[in-house]
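If you read the sequence from its start, that first residue is 1, and numbering goes on from there. Each ligand, and each atom within it, is numbered from 1 in the order the structure gives.
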Amino acid sequence: MKIDAAELRIIKLQLLRPFETSFGVQVERTIPLLTLLGEGLEGYAEGVMEEKPLYREEFVGGAVALLKEAFLPRVLGKDISSPEAVPDLLSPFRGNRMAKAMVEMAAWDLWAKSLNQPLHRLLGGSRQAIPVGVSLGIQKSFQATRELVEKHLSQGYQRIKLKIKPGWDVDLIASIREAFPSAVLTVDANSCYSLADLHLLRALDAFQLDYIEQPLAYDDLLDHARLQQQLETAICLDESILSPEDARKALQIDAGRVINIKVGRVGGHLAARRVHDVAQSYGVPVWCGGMLESGVGRAHNIQMATLPGFTKPGDTSSASRYWKQDIVNEPLETQDGLMPVPKGAGIGVTLNRAYIETLTISREFFRP
Ligand code: OSB
Ligand code: MG
């Protein structure tokens with residue numbers, strides 16, 4: 001498959017409502033949207049990095065600079081045997097997996113389209129629909145949180161994940177657990193605690209949480225292992241896992257017992273599948289996380305989540321929870337807690353070009 005050209009757009013998309021986590025409040029996303037052109041077809045991917053490095057180190061400006069100056073020049077005009085060749089082409093450059101993932105994921109979409117196959121079939125997934133939960137941001141009150149939980153449970157979501165931060169944790173969870181004794185509940189701290197908070201994290205053991213997501217530092221495995229030893233609840237790693245090697249090391253030292261796989265965070269589909277395989281070899285369940293993606297990233301995530309090890313409900317909930325209007329034409333909506341896998345070739349969604357035009361901040365075209 002020959003990659004002839006690329007288009008890189010930056011679009012801004014307003015969230016329907018603010019999304020608050022321990023690292024800040026998000027009201028919109030600035031999304032780098034990459035199109036790779038080849039074989040008379042187009043492959044799409046979006047970047048999952050934030051505008052500022054609040055989640056991990058990557059950020060939109062850095063990704064754009066790298067794509068232009070380093071990554072796209074390595075793939076444009078190349079004839080590759082499959083998308084599995086893309087990570088090798090980019091491997092001289094360290095880190096920056098979210099930016100690399102954009103190239104790799106767009107190449108997978110293009111390749112699957114060139115074979116007229118849905119992407120999940122090429123990745124090895126077979127499910128027609130994937131189980132999903134929701135990630136609920138920090139609300140104004142416990143009452144508001146209870147109402148939101150109630151609403152999403154009644155919509156059929158199979159798991160409720162609540163964002164927590166110091167001062168918005170044990171009492172909140174006690175209140176939610178009391179109101180919903182049998183709901184599948186989890187919490188996500190986005191790295192806001194340390195081992196000094198052991199008493200508090202141990203207090204969460206009382207609420208039958210399915211797991212506690214990323215309680216400690218974004219770049220830590222060792223303290224997570226020390227914490228896991230002292231908790232009954234499983235730790236789920238998100239920020240800490242950037243590669244299959246990270247996953248292997250984490251599971252080897254029991255730093256967690258669940259992994260949140262974000263295709264964008266680990267460098268693309270090949271790496272995500274390898275993280276999945278490592279987890280399977282340790283008997284550890286995985287689920288597909290999200291970064292408030294538009295329909296392009298969401299469709300990629302859904303394709304990956306069809307692999308057999310994705311046994312826990314993921315975060316890829318209905319697009320209509322995030323946007324008044326999505327940038328793709330196909331609705332990505334859950335039914336009874338299940339997200340149907342798009343049926344078309346590649347990622348299975350098409351762009352709403354007229355709408356994207358109105359959201360565009362900048363656009364550049366690249367040739368070899
Ligand atoms: O930690 O999983 C996270 C959103 C932005 C950044 C990090 C995270 C999240 C979410 C929401 O939890 C996931 C989603 O609904 O797409
Ligand atoms: Mg998380």
Taking atom 4 (C) of ligand 1 as the reference point, the nearest protein heavy atom with its distance:
F19 CE2, 3.7 Å
Specify whether Y157 and H152 have parallel, tilted or perpendicular ring planes, treating 30° as the upper limit for parallel and 60° as the lower limit for perpendicular.
tilted
Which residue and heavy atom of the protein sit nearest atom 13 (C) of ligand 1, plus the separation
G290 O, 3.3 Å
Between the side chain of D223 and the main-chain N/O of L221, is any donor-acceptor distance below 3.5 Å?
no
Is the gap between the ring centers of W108 and Y44 under 6.0 Å?
no
Heavy-atom contact under 4.0 Å between R321 and ligand 1?
no
Where the Mg ion (ligand 2) is the vertex, angle from D238 OD2 to D188 OD2 to 10°
180°
With heavy atoms and a 4.0 Å threshold, my read on which part of D188 contacts ligand 1 is side chain
Result of checking R298, R159, R321 against D315 for salt bridge (charged side-chain N to carboxylate O under 4.0 Å, His left out)
R159
A student checking ligand 1 against E213 at a 4.0 Å heavy-atom cut-off should list atoms 2 (O)
Identify whether the distance between the nearest side-chain nitrogen and carboxylate oxygen of E42 and R353 falls below 4.0 Å.
yes
For atom 16 (O) of ligand 1, what's the nearest protein heavy-atom neighbour? Residue, atom name and distance, please.
L292 N, 2.9 Å
Between K165 and D169, does any NZ, NE, NH1 or NH2 come within less than 4.0 Å of an OD or OE carboxylate oxygen?
no
heavy-atom search around atom 1 (O) of ligand 1 in the protein gives N190 ND2, 2.7 Å
Output yes if E239 passes the N/O/S-under-2.8 Å test against the Mg ion (ligand 2); output no otherwise.
no
Once the angle between the rings of W168 and F142 is folded into 0 to 90°, is it parallel (under 30°), tilted (30 to 60°) or perpendicular (over 60°)?
perpendicular
Looking at E213, the N/O/S atom that lies nearest to the Mg ion (ligand 2) is called OE2
To the nearest 0.5 Å, how far apart are OG1 in T350 and CG in N329?
3.5 Å
For ligand 1, is there an N or O atom under 3.5 Å from any N or O atom of E50?
no
Any N or O of K163 that comes nearer than 3.5 Å to an N or O of ligand 1?
yes
Report yes if S135 has an N/O atom closer than 3.5 Å to an N/O atom of ligand 1; otherwise report no.
yes
D238 with K262: basic N within carboxylate O range, under 4.0 Å
yes
Nearest heavy atom to atom 3 (C) of ligand 1 wins, so pick from E293, K262, M291, Q214.
K262
Taking side chain as C-beta onward, heavy atoms only, is E50 less than 4.5 Å from M291?
yes
Among all protein heavy atoms, pick out the one at the shortest distance from atom 15 (O) of ligand 1; state its residue, atom name and that distance to 0.1 Å.
Y322 OH, 2.5 Å
N/O separation below 3.5 Å, Y55 to ligand 1:
no
Assess the pair Y211 and W287: is the distance between their ring centroids shorter than 6.0 Å?
yes
Give the contacting part of D238 toward ligand 1: side chain, backbone, both or neither, where contact means a heavy-atom distance below 4.0 Å.
side chain
